[in-house]
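Each chain gets a letter, A, B and so on, in the order the sequences are listed, and its residues count up from 1. Keep in mind it's a predicted model, so treat the numbers as computed, not measured. Basis for what follows: all heavy atoms, side chains included, without hydrogens, waters or symmetry-related copies.
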Amino acid sequence: MDVTPIIDPLNEAQREAVTAPQEPVLVVAGAGSGKTRVLVHRIAWLVEVEGVSPHGILAVTFTNKAAAEMRGRVEELLDIPVGNLWVGTFHGLAHRLLRRHAEAAGLPQTFQILDSQDQLRLVKRVIRDMELDDSTWAPREVQWFINGQKDEGRRPDHIDTRNDQTRAMMVSIYRNYQHMCDQNGLVDFAELLLRAHELWLNNPDILRQYQQRFRHLLVDEFQDTNSVQYAWLRVLAGKEGILFAVGDDDQSIYRWRGARVENMFQLKQAFPAMREIKLEQNYRSTSTILNAANAIIANNHDRLGKNLWTDGNDGEPIRLYRAYNDRDEAEFVVARIEEWVAQGNLRAEAAVLYRSNAQSRVLEEMLLAKQIPYRVYGGLRFFERAEIKDALAYLRLLENRADDTSFERVVNLPTRGIGAKTVSQLREYAAANAQPLWDAARSGAGGALSSRATTAVQRFLLLLEQLDKDTTDLDLGDTVDHVLQHSGLLEHHRKDRGEQAETRVENLEELVNAAQSYEPDAEDELPPLAAFLSHAALEAGEGQAEKWEDCVQLMTLHSAKGLEFPLVFIAGLEEGLFPHKRSLNDPGGLEEERRLCYVGITRAMQQLYMSHAEQRRMHGIDNYAQVSRFVAELPTDCIEEIRPSIRVSRPAFGKGAGFRHTIAAEPPGDVRLGQRVRHGKFGEGVVLNYEGAGAHARVQVNFETAGTKWLVMSYANLELM
DNA sequence: TACTATTTAATTTTT
DNA sequence: TTAAATAGTA
């Protein structure tokens, strides 16, 4: 057998990982060190050389994209279809297990998946039903709480609420929410994982079956696993399972979403035989860029520790630009991109990275003004669009009449005279009788509805029954088409004028296409419609399905993870923005920001620009910030500061012009960050922040006794100390 | 029921 | 500033 294609393209460390004996392995893979290659080749090695059947291998990733790529590359390398190899996301695999063992998992066969939008709606409803004030119990925070608990594997009963009223209330919302999900056969993302874990724990025979099958567990991006995912893996591995984990602790940027880097550190205890291999040779960036990345991340503690290197050349220095304001910064970035393109490079090779989405705005305006095509990552995905979700709600009701979320979504869409009043009557009746809205509607809420409402509701029920009947013999594409035509949804959007309405109609037509060309995963053994609905929830689709055009890439640092670009800009390196002020409270948060910076830097292949603005307009008011601490952490010999060319006058935007601007560029009065001040009423304190200029300038002061306050400079009469 | 005015809050988002 | 959600009005 010829193993050259499998081991030849590998460097020494990669080869050690790929050809390691069948024992637990942890691969600490730095950015750009070829971790996907190692995973793919490891699978090939196991199959081709070690004689392991693909049937006995499970490979887990976080994103559908990564899963698809891995599957594709394995098939390419092995040159044979590997149908019974399980490759998928944690959520996808958990979903598959729950479908296969729905009963053992305590779920109805027809359970539906809630995406985070659906989940938020449901949380809102629960809060309302409990007659709680939703400003005290902000639905987003409650959702956050519930998911946080689930990510840690905690059910309501596991949570200690002694001496904590707030927590106790959170838990009872959680409990009611879960009750609602169970009643309606709904499963949110976190629940997929938690249930799958509980499936192992409660059904030893099922667990054993999978333990015997999957002797090899390969996990990508291990630093991003949360507690439940980790527990799920450990239980599945048992005593015999062989774990091959790949990850980079320095690229852990999802702690705030439940990811636990510690899982990576604990592996050695959990699997004493664990062999640790570091991939430090980088094939992406110049050594200047790598030096900068290494220097930044060296400021973090709690690392496994590694140093990226390359045998490539130094490349160009990292350019640092200090802008007057955000527009100046954008202008600078766009000018550099124009140069890049003028040198014959592709726009698509340039990426602008930023900390928060709002920053894209100025950049977009500038790109628009210069007529440079661009693409902003993020935003609504195809299956998350309102009109698509409406259509899916009809389809979900066909699958599962007990899906109240979907019921409420479309019961009056298009409008058919079922107003808020009627729905709330139905809801009340359904709650009182512990039955789905569908059943409540069938009984006309026990006769409580007005005759007009009753007819309207009956018409809706009949419509759905009719849709169900008419689509029994249709294939998936025709079913979706039929539902769109006969539910009145398409008509509803067609009669709407305007560009947006047109897009909506196009999207709905696209949905039919998507259904027509959808190929269910053979392993999932689901009826086509059910499979399609799950697919829609688990894989939200592309952001903008635009046709390919050579455009500049704009995205947050988070969404840049895993990507690479010849030319990279990191914009907005300012204290309070990056690192973000909301992560400064705890040291862990700051370290995560630093890792984010590390991720950003390591995206760059050839050229890296970093910039910050003295003045930045946020939420409509001008803010002043100091340069990010991360800039100071860069080695000075990697950096070349770019001085703005001398201009006759400083750029002043809007009214006011030069004079005003001169004042604005300085902190109000003589106040500086960290300055001690005294106030007549509040006593002594320290200046934390300031914003605005002239008469509107405000400072934030942390007083020793009075706490933190925002004060208007012209009134506060602060005494400098 | 649909449109308009007002209020409120604004970090990151693989599934 | 702005987007979204809510409240109020025709």
Side-chain angles (χ1 to χ4, degrees), chain A residues 60-68 88-95 113-121 124 134-135 138-141 143-144 147 150-151 187-193 196 220-221 223-226 228-229 251-259 326 353-362 365 377-381 383-384 386 412-422 496 534-541 543 555-563 572 576-584 589 592-593 595-597 599-600 616-623 654:
Chain A
V60 198
T61 64
F62 277 84
T63 66
N64 293 300
K65 202 171 135 205
T89 63
F90 278 102
H91 292 85
L93 295 168
H95 169 250
I113 300 169
L114 285 181
D115 68 16
S116 24
Q117 261 182 53
D118 302 329
Q119 184 186 37
L120 185 63
R121 289 166 68 104
K124 275 184 190 160
D134 61 2
S135 54
R140 288 208 172 275
E141 276 169 39
Q143 181 185 28
W144 181 266
N147 289 335
K150 288 190 176 188
D151 285 344
V187 177
D188 60 52
F189 287 140
E191 186 74 17
L192 284 171
L193 303 173
D220 192 14
E221 305 274 23
Q223 78 282 354
D224 287 340
T225 51
N226 66 28
V228 171
Q229 289 161 335
Q251 290 190 70
S252 160
I253 54 174
Y254 286 111
R255 193 183 75 124
W256 52 277
R257 257 173 60 156
D326 44 355
L353 314 183
Y354 37 79
R355 180 61 238 267
S356 65
N357 288 305
Q359 286 172 257
S360 76
R361 195 191 177 83
V362 219
E365 282 169 6
Y377 277 65
L380 272 194
R381 318 267 281 285
F383 285 114
E384 290 168 353
N412 198 32
L413 191 101
T415 44
R416 44 174 76 85
I418 304 177
K421 173 171 73 250
T422 309
D496 237 34
S534 301
H535 165 81
L538 286 172
E539 190 161 358
M555 68 191 82
T556 63
L557 287 145
H558 281 91
S559 33
K561 196 175 85 158
L563 306 177
L577 180 60
F578 188 31
H580 197 276
K581 56 176 174 291
R582 288 173 71 155
S583 55
L584 294 177
E592 179 144 309
E593 295 285 303
R595 291 194 290 268
L596 195 53
C597 188
V599 166
R616 180 178 298 277
R617 191 149 214 178
M618 290 174 87
H619 316 320
I621 36 175
D622 289 335
N623 286 266

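The residue among A:Lys561 and A:Thr415 whose nearest nucleotide of DNA chain B lies closer to the 5′ end is A:Thr415. Residue A:Arg355 is the one, among A:Leu192 and A:Arg355, whose nearest nucleotide of DNA chain B lies closer to the 5' end (criterion: closest heavy atom).
Between A:Tyr254 and A:His558, the angle of the ring planes lies from 30° to 60°, which puts this pair in the tilted group.
Residue A:Arg617 contributes atom CZ, which lies 9 Å from atom P of C:dT2 at whole-angstrom precision. As rounded to whole Å, 14 Å separates atom P of B:dA10 from atom CD1 of A:Ile621. With rounding to whole Å, A:Gln359 atom CD is found 13 Å from B:dA10 atom C1'. Rounded to a whole Å, the NZ atom of A:Lys581 is 12 Å from the C1' atom of B:dA9. In this structure, the CD atom of A:Gln143 is 16 Å from the P atom of B:dT15, given to the nearest Å. We find that CZ of A:Arg140 is positioned 13 Å from P of B:dT13, with the value rounded to whole Å. Distance A:Met618 CE to B:dA10 C1': 9 Å, rounded to the nearest Å. One interatomic measurement links the two molecules: CG of A:Leu538 to C1' of B:dT15, which rounds to 7 Å at whole-angstrom precision.
Here A:Arg255 does not reach the OP1 or OP2 of B:dT12: none of its side-chain N or O atoms lies under 4.0 Å away. Checking the phosphate oxygens (OP1, OP2) of B:dT13, a side-chain nitrogen or oxygen of A:Thr556 falls inside 4.0 Å. Neither OP1 nor OP2 of B:dT14 sits under 4.0 Å from any side-chain N or O of A:Asn64. Between B:dT12 and A:Asn357, a contact under 4.0 Å exists linking OP1 or OP2 to a side-chain N or O.
In this structure, A:Asp224 does not pair ionically with A:Arg257, as no charged nitrogen and carboxylate oxygen lie closer than 4.0 Å. Between A:Glu221 and A:Lys561, at least one side-chain N (NZ, or NE/NH1/NH2) sits under 4.0 Å from a carboxylate O, which counts as a salt bridge. We find that A:Arg617 and A:Asp326 are not joined by a salt bridge, their nearest charged nitrogen and carboxylate oxygen being 4.0 Å or further apart.
Within 6.0 Å of atom CD in A:Glu141, 12 or fewer heavy atoms from other residues, nucleotides or ligands are found, so the atom counts as exposed in its surroundings.
Separating the P atom of C:dA5 from that of B:dT12 is a span of 16 Å, rounded to the nearest Å.
Counting only heavy atoms from C-beta on, A:Phe62 has its side chain closest to B:dT14 among B:dT12, B:dA10, B:dT14. Taking only side-chain atoms of A:Arg582, from C-beta outward, the nucleotide of B:dT11, C:dA3, B:dT14 with the closest atom is B:dT11. Nearest to the side-chain atoms of A:Arg361 among the listed nucleotides B:dT15, C:dA3, B:dT12 stands C:dA3. If you check B:dA10, B:dT14, B:dT13 against the side chain of A:Trp256, the one that comes closest is B:dT13.
With contacts defined as side-chain heavy-atom distances shorter than 4.5 Å, the pair A:Phe90/A:Thr225 qualifies.
The base-pairing partner of C:dG8, taking Watson-Crick or G-U wobble contacts with both distances under 3.5 Å, is B:dC3. With a 3.5 Å ceiling on both atom-pair distances, the Watson-Crick or G-U wobble partner of C:dT1 is B:dA10.
Residue A:Tyr254 is classed as a base contact, given a heavy-atom separation below 4.0 Å to a base. The residue A:Gly419 sits close only to the backbone: its heavy atoms come under 4.0 Å of sugar-phosphate atoms, none of a base. A:Asn412 comes within 4.0 angstrom of sugar-phosphate atoms only, judged by non-hydrogen atoms across all strands, and of no base. Counting non-hydrogen atoms under 4.0 angstrom, A:Asp115 reaches nothing in the nucleic acid.
Stacking between A:His558 and the base of B:dT12 is absent under the criterion of ring centres within 5.5 Å and planes under 30 degrees.
Checking A:Ser356 against A:His580 by side-chain atom types alone, no donor-acceptor pair falls below 3.5 Å.
Checked by distance alone, A:Arg257 brings a side-chain donor or acceptor within 3.5 Å of a matching partner on the base of B:dT13.
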